[in-house]
Each structure stands twice: as C-alpha cells, then as structure tokens.
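Just below is one structure, and these are the notes that go with it.
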Amino acid sequence: MAFLARGKMVVMAGAAALGLLLTGAAQAQSCGDSAAGFEAWKADFAQQAKANGVKKKGLAALANADYASATIKADRAVKKAFSGSVEDFMKRRGASTIISKGRSLKKQNAALFNKIESTYGVSPGVILAIWGMETGFGSFMGKQNTVSAIVTLAYDCRRPDFFTPHAIGALKLVDSGALSSSSVGAMHGEIGHTQFLPGNVLIYGVGNKNLRDKNVALMSTANFLRGHGWQPGVSAEGNMGAIAGWNSARVYQQAIARIAMAIDGD
C-alpha cells in the first residue's frame, strides 16, 4: 500500500514516546530533495541518533544506508493511490478477495484470533482486513531496504519531522536484532505482515518484535489499535478513530471498516 500514515504516530507524541531529542545541537541540521547532500546529512544525523541511544550496529547501518530514489518516487505519487470513492478504492484493492480469504483464514486460525481478542479486545475482522490490504496476507511484504528507505525519508525535506522518529526507531531495531542493515520491506520503510513503521514497532511491537512472524505481527497490530482507542465489543465502523490511527486516508479507513464487518459478519 502506498504510504500516508500507516502504523502512525503523531510526530511529537511519537518522539516523546521514543525519548528522541528533536531540537538542539543533536538534531541533523539540514534536509535535501536529492542525493547530493545525503552523505553529509548522514554524518550529522549520526550524532542525533547517538544522542538518542542508537549504538554501534545501528550507527553502522546508518553509515551504509543508500539514498533510496525509488522511495522518493513512490512518496511523490502517494496521494493518487487514495483518490476516488471508497467503492473505487475497494475495487482497486481487491476487497472481495480480501473478504473471502479473510473469512477462510479466520476459521483456520481461530485459536490465534481468539487469543488476540481475549488479550487486546480487538475483533478478528479488522486485523484480517489490514493484513489483507497491506500485504495480501503476507504474500508481498516489499523489497526495499528498510534502513535506506526510512533514513532517506528523514532526510527528505517534505516530511523530515514525521520520519525522524521512525528512522531512529529503525536504527534501534538494528541494535536489538529485530532488523538488520539488509532487511527489506515496503517503500516507506514499513515492516512485516501488516506494515508497521519502525518507531511504532518499538512502541507497539510484542514479543521479539519480528513482524515478519505472522503471529507477532497480528498481535502487534491489535496492540496498536488498542493503544489508539479500540473499544471491545464495538464494530469496526464504531472504531473509526482507532483505524484512523493506522492510516489517515479516509477511503482507506472506510474500506477497512467495511471489509472488517463483512469478515466478522460471516
């Protein structure tokens, strides 16, 4: 899925949750809209990362990060992916297939979804809707280098404040072993079965935070939704605020709610 605010956090709230220093001398001093200044910026950003607790492995991953031209190209085209009506969006994204397969996977993984609902209060339909919408139930989790993608977006002048906490998060995940410098994911640095941004993995990821593990990813997604106000026993349509925390595009939110209710209604 093209990125708007997937697995998101409000910039300053997320920065506070990660303990980041986004002002003062530790902050990288420039941004850019081409590869020309990227290497110099990385040297500055390394100081900010170090001040925020990134250690040797994470700093090495930063040093080896490349300017991700494909990520910038995808970012410039992101709004088009969410254009049109919710009906058009659902048709483009194969909603009927997601509903059909989601119902089947709900039955096949009944014990897992029962555990998720009893632990987090989040019904299966919305988890399956997000899983299906994001990666086709894990069939495609992306091929872009995660560290290069998210670091490039932190450098890019369009939204550096939003992506900086996630870039720091990615480097910390490298330090912990949940990511490596060669890990791949979606174009905007999203990770795993449901496509978390790295900073949110630190906050909402459960267990070993390996979101390429299906169970970890689905439980972490439920944890995220609970953390964004999901109300147990209320339909997906009645939990639009929590879904909006996942993605800020209105057509996406409406599509997820409709797909979730169709799956849960089976």
Side-chain angles (χ1 to χ4, degrees), residues 1-9 14 17-18 57-58 61 65 68 70-71 74 93 98 101-102 105-106 108-109 112-113 115-116 119-120 122 124-153 163 165-228 230 242-243 245-247 252 256 259-260:
M1 173 177 110
F3 172 89
L4 265 190
R6 177 184 305 127
K8 357 229 149 343
M9 56 186 167
L18 292 173
K57 287 168 58 177
T71 287
R93 301 308 299 266
I98 294 172
K101 188 165 184 180
L105 287 169
K106 179 181 173 181
Q108 293 172 24
N109 297 274
L112 171 62
F113 286 111
K115 180 180 179 181
I116 288 173
T119 303
Y120 301 102
V122 179
V126 69
I127 304 297
L128 286 155
I130 290 171
W131 187 20
M133 184 72 75
E134 298 291 351
T135 66
F137 303 104
S139 64
F140 184 73
M141 290 185 270
K143 296 182 178 180
Q144 177 66 286
N145 181 276
T146 297
V147 173
S148 291
I150 204 71
V151 168
T152 296
L153 289 166
F163 284 107
H166 297 296
I168 298 291
L171 301 179
K172 288 185 174 182
L173 289 171
V174 172
D175 280 328
S176 72
L179 286 179
S180 74
S181 60
S182 61
S183 291
V184 296
M187 280 295 178
H188 286 78
E190 307 96 327
I191 300 166
H193 280 263
T194 56
Q195 302 286 269
F196 266 72
L197 283 169
N200 289 325
V201 178
L202 289 180
I203 299 170
Y204 300 105
V206 303
N208 63 7
K209 302 184 187 298
N210 175 16
L211 270 69
R212 295 187 75 86
D213 180 296
K214 176 190 75 176
N215 291 13
V216 172
L218 300 184
M219 287 188 287
S220 298
T221 304
N223 192 33
F224 180 99
L225 291 170
R226 181 178 68 173
H228 285 74
W230 184 274
I243 297 171
W246 186 264
N247 191 296
Y252 180 98
I256 290 296
I259 293 168

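Values in this document were obtained by computation on a predicted structure and should not be read as measured data. Keep in mind that the numbers below use all heavy atoms, side chains included, and drop hydrogens, waters and symmetry copies.
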Heavy-atom neighbours of Lys115 NZ exceed 12 at 6.0 Å: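 No - once you tally the heavy atoms of other residues, nucleotides and ligands closer than 6.0 Å, there are 12 at most.
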
Backbone of Gly136 reached by a side-chain donor or acceptor of Ser139 within 3.5 Å: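 Yes.
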
Asn208 side chain vs Ala178 backbone, donor-acceptor pair below 3.5 Å: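 Not a single qualifying donor-acceptor pair exists.
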
Distance-only polar pair, side chains of Thr152 and Thr71, donor-acceptor under 3.5 Å: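 Checked: Thr152/Thr71 side chains show no N/O donor-acceptor pair below 3.5 Å.
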
Within-4.5 Å side-chain heavy-atom neighbours: Ile130 and Tyr252: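 Sidechains of Tyr252 and Ile130: in contact.
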
Side-chain heavy-atom pair Pro198, Ile191 within 4.5 angstrom cut-off: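 Answer yes - side chains close enough.
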
If you take all heavy atoms of [X] and [Y], which pair is closest and at what distance?
X      : Y      : value
Met187 : Glu190 : N-OE1, 3.7 Å
Ile98  : Leu128 : CG2-O, 4.3 Å
Leu211 : Ala217 : O-CB, 3.4 Å
Val122 : Ala222 : CG2-O, 3.6 Å
Val147 : Ala65  : CG1-CB, 4.2 Å
Gln144 : Ala149 : CG-CB, 3.7 Å

Interatomic spacing from [atom1] in [X] to [atom2] in [Y] - rounded to 0.5 Å:
X      : Y      : atom1 : atom2 : answer
Ile256 : Ile127 : CD1   : CD1   : 10.0 Å
Asn215 : Ser220 : CG    : OG    : 10.5 Å
Thr146 : Leu171 : OG1   : CG    : 11.5 Å
Leu179 : Lys172 : CG    : NZ    : 14.0 Å
Leu202 : Leu197 : CG    : CG    : 11.5 Å

Audit row: Thr135, Thr194, side chain to side chain contact (heavy atoms under 4.5 Å, CB included) steps and yes/no: CA-CA 7 Å; Thr135 66; Thr194 56; over 6 Å; no

Aromatic ring pairing Phe224/Tyr204, orientation class (parallel under 30°, perpendicular over 60°, tilted between):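 Taking Tyr204 first and then Phe224, their aromatic rings stand perpendicular (interplane angle over 60°).
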
Which residues share a side chain to side chain donor-acceptor pair (under 3.5 Å) with Thr119, sequence neighbours left out: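 For Thr119 there are no side chain to side chain donor-acceptor pair (under 3.5 Å) partners, ignoring immediate neighbours.
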
Evaluation steps, side chain to side chain contact (heavy atoms under 4.5 Å, CB included), between Lys214 and Asn109: CA-CA 11 Å; Lys214 176 190 75 176; Asn109 297 274; 2.8 Å; yes

Listed partners of Phe137 passing ring-ring contact (aromatic ring centres under 6.0 Å, His included), at least two apart: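 Phe137: ring-ring contact (aromatic ring centres under 6.0 Å, His included) contacts with Trp131.
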
Residue pair Glu134, His193: steps toward the side chain to side chain contact (heavy atoms under 4.5 Å, CB included) verdict: CA-CA 7 Å; Glu134 298 291 351; His193 280 263; over 6 Å; no

